[in-house]
Amino acid sequence: MVVLELDRLSCHFELTPGFVDRVIKRKPPSYIKAVERLSIAIGEKEILGIAGESGCGKSTTCSMVSGLLDPTEGDIRFRGKSILGLRGDAIKDYRRSVQMIFQDPYESLNPRFRTVDIVAEGPRALELWDANEIEQRSLAMLDAVGLPSGKYAERFPHELSGGERQRVGIASALVMEPEVIIADEPLSMLDVSIRAGILDLLREMQAERGFSSLYVSHDLSILGNVADRLLIMYLGQAMEIGPAEEVIRNPKHPYTRALIGAVPIPDPRSRRAIPNIRGDISKPIDPPPGCRFAPRCPYADASCSNTFIEMETGAGTLHQAACHRLAEIDNAGS
Ligand SMILES: Nc1ncnc2c1ncn2[C@@H]1O[C@H](COP(=O)(O)OP(=O)(O)OP(=O)(O)O)[C@@H](O)[C@H]1O
Ligand SMILES: [Mg+2]
């Protein structure tokens, strides 16, 4: 059963040209195509990981799904119904059902609120329960995320460590009893020594409460551990999708192969061809219509810049890559 579905979702930002370009030279505006025709479906209790270099559109995707940013094109469906243009109770219900865990536990908490009030803020805004029940649930949630409410409920964010603040962020999301959690790099601002604890907490909560997750990270070893399926993005496009372990062990797309190339394989007999990628990641400003990795891809042919491959990304779909030269690459690598 599909819980959340992104259907050919695009987000383009218009770059405002300077006065001379706009008025005198009459240049048309340029667009940053941050996300391009991205389709994903997340199943019940599934954890879908998204990986890719900085600027590939991971946070933009999260913002669109959480309703903070309107897509330029495409649709987002929650339990089969489009969320675009929702009004009244329906939008309230969606806001409760889909919760974000933010990257920065320092910026995402209101510094003037006590911990218990931070957790209670969402339920109060949406009037989910009466005042007493909201208070009780918020205290219980603090206990559940490893912050005993007797000790932590009255504290302000500046009286908490980074890991404790991220636990408050997790409590604020989970107190809403969401069906989907969107975690955008929830560990990257934390000290390495406390990441494992927060990751364990997220895993535990997922197992206990059975929500689905969209989990964004640069770190493939974390995603290999937590995600059921993995989506690899490059400059706004989906490059590869499949069961996380399979994508990491047996990447198909030249980009994924390069991304994963640095991760050592425990089996000394195992060999994989790592493409030799040149150049730097660029900005997706007015890109050509085809594969955005083509300018850096050692296997690209003349048609790649015009060939956009849409993958079948429904819940539980098999391992696929958005590349029309996979057979040639396999032959070259063996
Ligand atoms: N509001 C905006 N206006 C213009 N361009 C934007 C805006 N937000 C994001 N972008 C651009 O869209 C692209 C994708 O950005 P996004 O933040 O989604 O990347 P990301 O994959 O989350 O990167 P990171 O790993 O660094 O967090 C980038 O080129 C970025 O500069
Ligand atoms: Mg980001």
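Order of listing sets the numbers, starting from 1, for every ligand and every atom in it. Computed over heavy atoms, backbone and side chain alike; hydrogens, waters and symmetry mates excluded.
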### Query
Between Phe13 and ligand 1, does any nitrogen or oxygen pair lie at a separation below 3.5 Å?
no
### Task
Taking the side chain as every heavy atom from C-beta outward, state whether Arg167 and Ile198 have any pair of such atoms under 4.5 Å apart.
yes
### Message
Tell me whether the rings of Tyr255 and His253 are parallel (<30°), tilted (30 to 60°) or perpendicular (>60°).
### Response
perpendicular
### Task
List every atom of ligand 1 that sits less than 4.0 Å from any heavy atom of Cys56, numbering the atoms from 1 in the order shown and giving each element.
19 (O), 21 (O)
### Task
Among all protein heavy atoms, pick the one closest to atom 12 (O) of ligand 1 and tell me residue, atom and distance.
Ala34 CB, 3.3 Å
### Task
Tell me, please: is Met233 in heavy-atom contact with ligand 1, that is, under 4.0 Å?
no
## Note on the structure
re atom 11 (C) of ligand 1, the protein heavy-atom contact at minimum distance is Ile32 CG2, 4.0 Å
### Summary
Checking heavy atoms under 4.0 Å, the part of Gln103 that sits near ligand 1 is neither
#### Entry: Whether over 12 other heavy atoms sit under 6.0 Å from Glu133 CD
yes
### Message
Surrounding CZ of Arg95 (heavy atoms of other residues, nucleotides or ligands, distance under 6.0 Å), is the total greater than 12?
### Response
no
### Pair Arg124 + Glu135: basic N to acidic O under 4.0 Å
yes
## Note on the structure
min-distance protein heavy atom vs atom 31 (O) of ligand 1 -> Lys283 NZ, 2.9 Å
### Message
Please report whether ligand 1 has a polar contact with Gly57, defined as an N or O pair separated by less than 3.5 Å (distance criterion only).
### Response
yes
### Task
Please report which non-hydrogen protein atom sits nearest to atom 14 (C) of ligand 1, along with the residue it belongs to and the distance in Å to one decimal place.
Gly55 O, 3.4 Å
### Message
Tell me whether Glu127 at atom CD has more than 12 heavy atoms from other residues, nucleotides or ligands lying less than 6.0 Å away.
### Response
no
### Message
Between Lys252 and Glu240 (salt bridge meaning N to carboxylate O under 4.0 Å), is one present in this structure?
### Response
no
## Note on the structure
Atoms of ligand 1 under 4.0 Å from any heavy atom of Ser54, numbered from 1 in the order shown, are 23 (O), 24 (P), 25 (O), 26 (O)
### Summary
A student checking ligand 1 against Ser59 at a 4.0 Å heavy-atom cut-off should list atoms 17 (O), 18 (O), 20 (P), 22 (O), 27 (O)
### Query
Does Thr60 approach ligand 1 within less than 4.0 angstrom via side chain, backbone, both or neither, non-hydrogen atoms only?
both
### Query
Quick one: ring-ring contact (aromatic ring centres under 6.0 Å, His included) pairs with a partner in residues 59-98, sequence neighbours left out?
Phe78-Tyr94
### Query
Do other residues, nucleotides or ligands put more than 12 heavy atoms under 6.0 Å from the CG atom of Asp70?
no
#### Entry: Arg209/Glu204 ion pair, N-O < 4.0 Å
no
### Summary
Given a cut-off of 2.8 Å, the protein N, O or S atoms lying below it from the Mg ion (ligand 2) are Ser59 OG
### Message
Apply side-chain hydrogen bond (donor to acceptor under 3.5 Å, both in side chains) to residues Ser217 and Asp219 and explain how you reach the verdict.
### Response
CA-CA 5 Å; Ser217 179; Asp219 191 332; 5.4 Å; no
### Query
Quick one: nearest non-hydrogen protein atom to atom 25 (O) of ligand 1, plus distance?
Lys58 NZ, 2.8 Å
### Task
Please tell me if the side chains of Ile241 and Val247 come closer than 4.5 Å, counting only heavy atoms from C-beta onward.
no
### Query
Step by step, would you call Asp228 with Lys45 a salt bridge (charged side-chain N to carboxylate O under 4.0 Å, His left out)?
CA-CA 10 Å; Asp228 299 309; Lys45 300 183 184 175; over 6 Å; no
### Query
By number and element, which atoms of ligand 1 are closer than 4.0 Å to a non-hydrogen atom of His218?
25 (O)
